[in-house]
Each structure stands twice: as C-alpha cells, then as structure tokens.
Amino acid sequence: MRQPSGGESCAPSCIHPIAPDDGACRAPFSRAAPRDKERRRASHEAPGQIVPTTVLERMPKDVVTRFAPSPTGFLHIGGARTALFNWLYAKRHGGLFLLRIEDTDRERSTQGAIDAILDGMRWLGLDWDGDVTYQFSRAPRHREIAEELLARGKAYRCYASAQELEEMRETARAEGRPPRYDGRWRDRSPEEAPEGIAPVIRLKTPQEGETVIEDAVQGRVVFPNKDIDDFVLLRSDGAPTYMLAVVVDDHDMGVTQIIRGDDHLTNAARQKHIYEALGWQAPALAHIPLIHGPDGAKLSKRHGALGVDAYRAMGYLPSALRNYLLRLGWSQGDREFFSTAEMIEAFDLDSIHRSPARFDFVKLENMNGHYLRDTDDADLLATLLASLPYLEGGQAIARKLDERRKAQLAAAMSGLKARAKTLNELVDGAGFLFAERPLPLDAKAAALLTPKAREGLAALTPRLAALEEWSAATTEAVVREIAASLGVKLGDLAQPLRAALTGRTTSPGIFDVLAILGREESLARLADQAPSSAQRA
RNA sequence: GCGCCCAUCGUCUAGAGGCCUAGGACGUCGCCCUUUCACGGCGAAAACACGGGUUCGAUUCCCGUUGGGCGCGCCA
C-alpha cells in the first residue's frame, strides 16, 4: 500500500458550491516558484499583482485545501502529517479544508478504513469543512468529462489488450526507454476498432517538449514529455482512473492549493495536461517529502507506519503528535514548541524542507512528556479518563475507578505526571492506587525490604499510627525523626517505606503517597511487610 | 533501465558567500538538586558525504561522483 502522500482522490456529487465554473478566477494562487533561496525569499501569498475584485470579495474562500486519502487502510502517520499541513494552511489563510475519500477502487476500499480515517482525523483534531466527499459517487461526472475530452479531440479510444501493453513495456525497457504506452491508437480511425472489445479512453499528451511544474516546495521541476505517455482516463468498464478523478474533483471542489506527498510529483505533470486539455486553471502545488523510518528506509509497521489509533493506544496526546509532526520537515528557526494557535499563525509552505525526515519515537515521547506536564492536573485527569478505553490496561483501571479512586488519582496527578512521558506511563505509575493488598512487590522493591529494613518499618509503624493528623507534613516529620533516632539516612527508611506502600522503588514523593493512600490503607500495607509477616512468608 | 527529488552532529534542525571557533532540540555521558525515579539546572562528546570548479573567501553557488528516496498500471 502506498505511503504518506495521503493523496488524491475523487469526489461525489455533494461538492462545495465554491467551485468556480472554471479556474480562471484563481489567478492569485498561481505563481512561479523559483528554486532555492529565491523561492524561500518569495512570499508565498503575496500576489502583488492584479487581484480581481471578485476574488477579493470572496476572500474567505480564496484558499481551499483538501486531504484525499484512499480508504485501503488506516490513517497512517505520513497521511496524518499531510492532513495536518493542509489543515494548517487552510486555517492560516482563513480558507476551507475539505476531506475527500478516494474510493474509486471498489475492490480495495472498505468501510472499516473509512471509519478509521475519519476517527483518526477527529482524534487528531483536524476538523474538515462541509461534508465528506466520496469520489466514487462522482463517477458519472468523471465519465462526462472523459467524453467531453473525447469530443474535443483531446483524448481517444484505445483498444490495446493487456497483452499488447505488456509487450510494449518489455520492449521499451529493453531499449532503455521508460516503459510506457506507445500511442498506437492515438491517430487510428475509429473504423479500425476491433469488434467486441471495450476500449479505454486515453489523453493525448504532447509528445515533444517538456512539462514544467512550479511547486511551492520543490521549486521548478521539469519533465521531458517523451517520458509522459498517453495515460488512461477512463477504464474499459467506464470507471475513471485516479488521474482523471483527482483533477475533476479538485476543480469541482474549488481546491486552490494541493499539498500532498512527493510521491505524487510525477503525477502532477500528467495532471497538468488534463487541466490544459480542459482549459481549467490548475491549483497551486506543494509536494512534501515522505516520512522515513529510523533507518532511513521506507516507513514500515515496525517503524511507525501505524494508524493514528495506535498512537492513541500508546498514550500520546494529539497536541503533542501534531507538534511533532509539524516539526518533521518544517521549521522556523530553533523553535520546537508550537501551540495550535501558534502553528496556525506560523505555518507556511516556504519553510517546508525538500529532504525527507526520519520518524523518531524517542523525540515524540519527549515532546509528549512536555505536553503532559504542561497540562494542568484536572484537565489531564479528564483526558486520562477519556482515554482509558484506548490505552493498554486502561480497561482494568476503568473498572476499578470509583469516586474515591478518582479523588486519589487527582491528588496524585502532579507527582505522577512529572514522571510520565505518555498516558500509559501515567497509568502504570498510578498502579499502586489500584493494587490490592497484599501488594505484589517487583524485584527491586523486594530486594530493598531486607530484614533490617523491615525492622525500621516496624519502628516507624506505631509512631505513624499514633499521629493525630495524617498528612504529608506530619508523616514526614515522624519519618525524619525516626530516621534520626535510628541513626540512619532518610533514604534508608524512605525507600523501604516506598517499597512497602507501592511495591516499587519508584513513585511520587513518598509523603504524598502516604497522604493520598490515607492512614488506614498505609498502615495496612506497612503491616503486610512487618518482620513477623515476612517470616511467615 | 529511464525520469524526478534529496544530502549539516546518531535523529529533528539553524544556516540564504565572510557574523561559523557551525547554533538549538531529542538521545548519550558527567555534575548539581534530592527520600526513589523523574522534573529542573549546569556542562561534555558529537556534523557540513566525496571530488572538482566559481570566488579574495565556500556549509552556503555550479558540475560530477557516491549514497538514499519517489515515479514509470485499465492502483491511488
């Protein structure tokens, strides 16, 4: 399956009314994109030129972007970034961000994939304008355009068989030419059409010269026309190809700016010929590099080509994922963190890099940790509770959550979040609140509870039990006092205490743990680890 | 094979001919803080792929090499 581009697509009949009848009024969005520094210096939207009044009047809709995934799988990370960039660009310019599902391939499209994509978009916070456009529903329109091209002599019927096509490719390859259709039906008379063979419709593309693409990210890219063949617009069964559908849908939806994976760069050259044949104004282009795996190769499942639902399950926050994705291939000086409002304000096409970036889970995690700690306790608790159904082990926690547990979680949140990079780690760290007595001890905690350590706890227990007021402050005073009288360091007493109360060697501040657990539970957990019970065990 | 794109620390990146003794972030290592682990603070190691040009001067411009990526369907 294809990677990040997140592509192209097609659309139904419920298009946006914005669609101009022809692209003529989109002039301000086409511009030359000089390469390199030149290109970076050039302000992108500064048309500077003649802006027709009509355009100004329709200002809010002058920018229309779209995300057009094909529903053959989940919404993967590359697609998510493409969607994010389109979303940001639309927001930045007060435009529209449309969603189109490219489901022309009936064999491979599934409802499950569509649901996963919509769900992923919502989770990421990438809301789209208007209704989702389903490309398949627009097939009649695509056919109509193909017929029109035929009528205008811009396209022709081709009766070549699959076998002939295969031979052509082999020959071309053998001769060191790009494998492509040789145009054998381009100028043949319709009378020569063989009986009983349903033809495809191919576009007549120029055979000489070159095709120039002006791309906001790639700059000026030139393709020799000899490498662009007369590609298929309409299949023999009357279904449109991707190439035709994208162009027609983008046009009808009024898309002004295409932002997609650079795996579509060569398609841009083909599509340009369709626009020209139709006399339509083509949208401005921006082809962004794909995301690579940690080893520089294609993103694989093991790497990160997971559905965004997997990122949710791993405990990442949408805000952190958005920030990380933004910084992958786009930068503004040294700045690392951008709130949603800030990224909308700062986003631009000129700062997108041309080189592909590798996906780094470790950095994502670090960033997620920052977002976690920056979220205030109450909000984080709410987020955590809402995420429980999706997190590993979250269901079990959810089942045990009663009002008391919730209050304890809330109280522990600040200590917990400082130690967590993901919601999963937050859940893990909160484990001691949900553990049942007698607590299971992990290996390190068990090793800490030596006979001597247990004696220390035994000395401590009655003093804690005698406390009139049970709080972090009062328990701390007692523990410090006992440590002093025993002639040991505070840690010598605090660590066994932590082991006894949490079963771990790591936890929030131990006096906070004492306070949150409460007198009864704390003393009971301590009693479980008293010397006598240790012997019994 | 043909076409197109790319190339600064391990990774994400700053850099727009002299400001570079190449900066920041993640990661790594060390120190500090400290009841643990984190957080936080301080510090260290760590890069301009290679070769030719152009220039008084190249990380920055040009060419080539090497390496990587993408495309070449009646898939999208």
Side-chain angles (χ1 to χ4, degrees), chain A residues 1-3 5 7-10 36-38 40-41 68-70 72 102-105 107-109 135 158 162 165 169 172-180 198 200-202 213 218-219 221-224 226-229 231-237 239 241-243 245-246 261-267 269 287 289-290 292 294 296-298 324 327-329 331-337 353-360 362-367 369 373 415 417-421 429 444 448 476 479-480 483 489-495 497-499 504-511:
Chain A
M1 150 182 18
R2 274 173 176 253
Q3 224 224 54
S5 47
E8 264 11 70
S9 51
C10 16
D36 290 312
K37 314 286 155 109
E38 291 303 309
R40 284 162 197 284
R41 258 182 286 240
S70 72
T72 53
E102 307 218 315
D103 55 350
T104 23
D105 187 336
E107 300 283 292
R108 301 197 303 162
S109 299
Q135 191 167 66
C158 164
L165 259 18
R169 277 183 216 110
R173 212 175 278 270
E175 293 172 12
R177 300 189 337 262
R180 62 183 191 81
V200 298
I201 295 180
R202 289 180 183 272
I213 296 297
Q218 304 294 329
V221 184
V222 180
F223 298 91
K226 65 175 175 56
D227 291 340
I228 299 175
D229 65 2
F231 55 91
V232 175
L233 297 174
L234 204 66
R235 292 181 251 255
S236 51
D237 65 358
T241 60
Y242 154 83
M243 217 61 75
V246 187
D262 69 8
D263 50 342
H264 284 292
L265 190 54
T266 50
N267 288 334
H287 287 88
L290 303 181
H292 288 181
K298 193 181 284 183
Y324 178 72
R327 286 288 290 99
L328 217 50
S331 62
Q332 195 175 72
D334 286 342
R335 189 152 178 210
E336 298 282 350
F337 289 91
H353 310 155
R354 288 220 277 269
S355 54
R358 302 184 187 196
F359 192 86
D360 182 7
V362 179
K363 185 151 182 175
L364 204 211
E365 238 178 45
N366 172 277
M367 198 162 249
R373 292 191 293 279
K417 76 180 181 186
R419 270 155 270 256
K421 294 203 196 65
K444 284 190 213 159
L448 212 51
E476 174 167 4
V479 174
R480 284 188 185 276
K489 285 185 291 185
L490 181 55
D492 294 332
L493 200 51
Q495 273 305 87
L497 183 55
R498 168 173 283 111
R504 305 274 190 96
T505 53
T506 289
S507 80
I510 192 60
F511 306 115

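Chain naming here is simple, since letters A, B, ... match the order of the sequence lines and numbering starts at 1 in each.
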Next on the checklist: Given 3.5 Å as the limit, does a donor-acceptor pair link the side chain of R180(A) with the main chain of K226(A), or not?
Outcome noted: yes
Item to check | Interatomic distance where CD belongs to E365(A) and P belongs to C26(B) [whole Å] | outcome: 14 Å
Checklist entry - Considering only side-chain heavy atoms of D360(A), which listed nucleotide, C12(B), U11(B), C70(B), is closest? => result U11(B)
Checklist outcome for this item: Rounded to the nearest 0.5 angstrom, the CZ-CG distance for F359(A) and L328(A) is 7.0 Å
Item to check | Residue matched to A58(B) through Watson-Crick or wobble contacts both under 3.5 angstrom | outcome: none
Checklist entry - U35(B) phosphate, OP1 or OP2: any side-chain N/O from R480(A) under 4.0 angstrom? => result yes
Checklist entry - Given atom OH of Y242(A) and atom P of C72(B), what is their separation to the nearest angstrom? => result 10 Å
Item to check | Candidates C2(B), U35(B), A76(B) - which lies nearest the side chain of M243(A) | outcome: A76(B)
Checklist entry - Side chain of T241(A), base of C74(B): donor and acceptor closer than 3.5 Å? => result no
Checklist entry - Considering Watson-Crick and G-U wobble pairs with both distances under 3.5 Å, what does A49(B) pair with? => result U65(B)
Checklist entry - Between V232(A) and S331(A), which has a closest nucleotide on RNA chain B that is more 5'? => result S331(A)
Checklist entry - So, are D105(A) and R108(A) salt-bridged, with charged N and O less than 4.0 Å apart? => result yes
Next on the checklist: Pairing check on G43(B): which nucleotide meets the Watson-Crick or G-U wobble criteria with it, both distances under 3.5 Å?
Outcome noted: C29(B)
Next on the checklist: Any strand counts, and the cut-off is 3.5 Å on both contacts for Watson-Crick or G-U wobble. Which nucleotide pairs with C9(B)?
Outcome noted: none
Checklist entry - What's the closest nucleotide to the R358(A) side chain, out of U11(B), C74(B), C5(B)? => result U11(B)
Item to check | Least distance between heavy atoms, V200(A) atom then S236(A) atom | outcome: CG1-N, 3.5 Å
Next on the checklist: Closest-nucleotide mapping onto RNA chain B: is D105(A) or V222(A) further toward the 5' terminus? I mean the 5' end.
Outcome noted: V222(A)
Checklist entry - Do any N or O atoms from the side chain of E476(A) and from the backbone of F511(A) form a donor-acceptor pair under 3.5 angstrom? => result no
Item to check | Heavy atoms from other residues, nucleotides or ligands near NZ of K417(A) exceed 12 (cutoff 6.0 Å) | outcome: yes
Checklist entry - For G3(B), does either OP1 or OP2 sit under 4.0 Å from a side-chain N or O belonging to T266(A)? => result no
Checklist entry - Between D229(A) (CG) and C72(B) (C1'), how many Å, whole number? => result 8 Å
Item to check | Donor-acceptor pair, side chain of R373(A) and main chain of R419(A), under 3.5 angstrom | outcome: no
Checklist entry - In terms of side-chain heavy atoms of A494(A), which of C4(B), U35(B), G69(B) is nearest? => result U35(B)
Checklist entry - Rounded to whole angstroms, how far apart are NE2 on H292(A) and P on A7(B)? => result 12 Å
Next on the checklist: Which nucleotide wins on minimum distance to the side chain of L328(A), given the candidates A76(B), C5(B), C12(B)?
Outcome noted: C12(B)
Checklist entry - Does S355(A) make a side-chain N or O approach to OP1 or OP2 of C5(B) shorter than 4.0 Å? => result no
Item to check | Pairing partner of G3(B) (Watson-Crick or G-U wobble, both distances under 3.5 Å) | outcome: C70(B)
Next on the checklist: Using the side-chain heavy atoms of F223(A), tell me which of these nucleotides is nearest: A76(B), C4(B), C26(B).
Outcome noted: C4(B)
Checklist entry - Is the phosphate of C74(B), meaning OP1 or OP2, less than 4.0 Å from a side-chain N or O of R169(A)? => result yes
Checklist entry - In B/S/- notation, 5' to 3', how is nucleotides 18-24 of chain B contacted by protein heavy atoms closer than 4.0 Å? => result -----BB
Next on the checklist: Quick check on U13(B): is either OP1 or OP2 less than 4.0 Å from any side-chain nitrogen or oxygen of H353(A)?
Outcome noted: yes
Next on the checklist: Of the listed nucleotides (U13(B), A76(B), C74(B)), which one gets closest to any side-chain atom of T104(A)?
Outcome noted: A76(B)
Extract from the structure each pairing of a protein N or O with an N or O of nucleotides 46-50 of chain B at less than 3.5 Å, listing the distance.
none

Checklist entry - Nearest-Å distance, NZ (K226(A)) to C1' (G1(B))? => result 12 Å
Next on the checklist: Is the shortest side-chain heavy-atom distance between P294(A) and R358(A) below 4.5 Å?
Outcome noted: no
Checklist outcome for this item: D334(A) meets the side-chain contact (heavy atoms from CB on, under 4.5 Å) criterion, sequence neighbours left out, with none
Next on the checklist: Pairing check on U36(B): which nucleotide meets the Watson-Crick or G-U wobble criteria with it, both distances under 3.5 Å?
Outcome noted: none
Checklist entry - How would nucleotides 36-42 of chain B be written as a contact map, 5' to 3', with B for base contact, S for sugar-phosphate-only contact and - for no contact, using protein heavy atoms under 4.0 Å? => result BBSSS--
Checklist entry - Roughly, in whole Å, what's the span from OH in Y324(A) to C1' in U13(B)? => result 11 Å
Checklist entry - Among all residues two or more places apart in sequence or in another chain, which pass the side-chain contact (heavy atoms from CB on, under 4.5 Å) test with T266(A)? => result F223(A)
Checklist entry - Looking only at atom C1', what distance separates U8(B) and C50(B), rounded to whole Å? => result 15 Å
Item to check | Partners passing salt bridge (Lys or Arg N to Asp or Glu O under 4.0 Å) against D229(A) (at least two apart in sequence or in another chain) | outcome: R270(A)
